[in-house]
Amino acid sequence: MRKIILAGAMLAILTSCNNEESTTTTETSNPTVQKRGCASNDVLQEQLKENPELAIRMNEIEAFTDNAIRMNRLVNGQIEIPVVVNVLYRTSAENISDAQIQSQIDVLNKDFNAQNSDFNQVPAAFSGVKANVGIHFVLDQVIRKSTTKTSWGTRDAMKKTKQGGLNPTDPTTKLNLWCCTIGGGILGYAQFPGGSSATDGVVIDSKYFGLSGQVNYPYNLGRTATHEVGHWLNLRHIWGDATCGSDLVSDTPLHNTANYGAPTYPHYSTCTGTPIEMTMNYMDYTDDRAMYMFSEGQKSRMMAIFAAGGPRNSFAQP
């Protein structure tokens, strides 16, 4: 099993580039997506370039997280998170229905509470670490805005009213989701804890949001949002955005790199110890139908950010 990397080693991880993801996109047309594309790490690299102090804050968050886990200072009981969905649309297909929005909230609740119907498919090798995270999401409001933009890119324009988007609503106490056409083959991206509250939240392309409407196979089961909300809750990609890299979680096996499609189990890594890769983890790049679990270590990492002094403690306040 991998050891948790302490905060002192985080700077190298934060400044490493991920060769599996496309570079930060500008406004481009959205091609047919053949492989899952998450721009969270790319966006983080841009934020680090623009604000060197962010690396210091994120190192501090890693030190806090590591200490909270070691000292078992985690939030007990279920966290309830209000969700604001910001819909930016040019076409009727982009103006997704309230039912489609609610279907995405329902998926998040099932996936984060081990109520997804495929949770029973977790292999015996990982049965001891499969987790019920215990986070509940409640739809707070839907805000809609018509736009002439054909795509938004990954420079956070959709989060800024002055750039034609929508500013986040109460981002310290509500999770903001932006639903729009991103472009560049990107399904979604999230901001990690520690970034500016003015851009905090998760962006999901409207073609991969929820279960109904115009959602596109093989990303039609709402798992793009599960993956991206995982980032928002401080989870890294399971391969650590590097060959045999660390995701800072102790009970997830080392992965060579991202997995795509629906890998046949068992899929062995060539990293140290040649472990079976946890390809069904939400933080890999597999198709929606092939991802269906978080680990206990990932749960601890998520719960640490809600503890007193944690970067998302305001969500745990009564």
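As the structure is a prediction and not an experimental result, all values here were calculated from the model.
Trp239 and Tyr285 have perpendicular rings, their planes meeting at more than 60° on a 0 to 90° scale where under 30° would count as parallel.
Side-chain atoms of Asn109 and Gln115 form no donor-acceptor pair, as typed in the model, at a separation below 3.5 Å. Inspection of the Asp156 and Gln163 side chains reveals no N or O donor paired with an N or O acceptor under 3.5 Å. Side-chain contact of Glu228 with Ser40: a donor-acceptor pair under 3.5 Å is present, judged by distance alone. No donor-acceptor contact under 3.5 angstrom links the side chains of Ser206 and Glu94, judged on distance only. For the residue pair Thr224/Arg36, the side-chain donor-acceptor check at 3.5 Å is satisfied. Side-chain atoms of Ser295 and Asp251 form a donor-acceptor pair, as typed in the model, at a separation below 3.5 Å. Using a 3.5 Å distance cut-off with no hydrogens or angles, the side chains of Asn176 and Asn86 do pair a donor with an acceptor.
No single ILVMFWY cluster, assembled from side-chain heavy atoms under 4.5 Å apart, contains both Tyr208 and Leu221.
With salt bridges taken as basic N to acidic carboxylate O contacts below 4.0 Å, one links Arg155 and Glu50. Between Asp66 and Arg301, no side-chain nitrogen of the basic residue sits less than 4.0 Å from a carboxylate oxygen of the acidic one, so the salt-bridge criterion is not met.
Residue pairs satisfying the disulfide (SG to SG under 2.5 Å) criterion with at least one member in residues 232-261, sequence neighbours excluded, are listed as follows: Cys244-Cys271.
Residues Trp178 and Asp205 have side chains not in contact (no heavy-atom distance under 4.5 Å, counting atoms from C-beta outward). With a 4.5 Å cut-off on side-chain heavy atoms, Ile105 and Gln102 count as touching. The shortest distance between side-chain heavy atoms of Leu88 and Leu166 falls below 4.5 Å. No side-chain heavy atom of Leu108 sits less than 4.5 Å from a side-chain heavy atom of Lys110.
Judged by the 6.0 Å distance and 45° axis criteria, Lys299 is not positioned over the aromatic ring of Phe294. Within the cation-pi definition used here (under 6.0 Å to the ring centroid, within 45° of the axis), Arg236 qualifies as a partner of Phe192. No cation-pi contact links Lys207 to Tyr219, judged by a cut-off of 6.0 Å to the six-membered ring centre and 45° from its axis. In this structure, Arg73 forms a cation-pi arrangement with Phe64, its terminal cationic atom sitting closer than 6.0 Å to the ring centre and no more than 45° off the ring axis.
Among the candidates Arg223, Lys130, Arg289, the single residue satisfying the salt bridge (Lys or Arg N to Asp or Glu O under 4.0 Å) test with Asp118 is Arg223. Test Lys159, Arg312, Lys174 against Asp200 for salt bridge (Lys or Arg N to Asp or Glu O under 4.0 Å) and you get one pass: Arg312.
Between Trp152 and Tyr89, the ring centre distance reaches or exceeds 6.0 Å.
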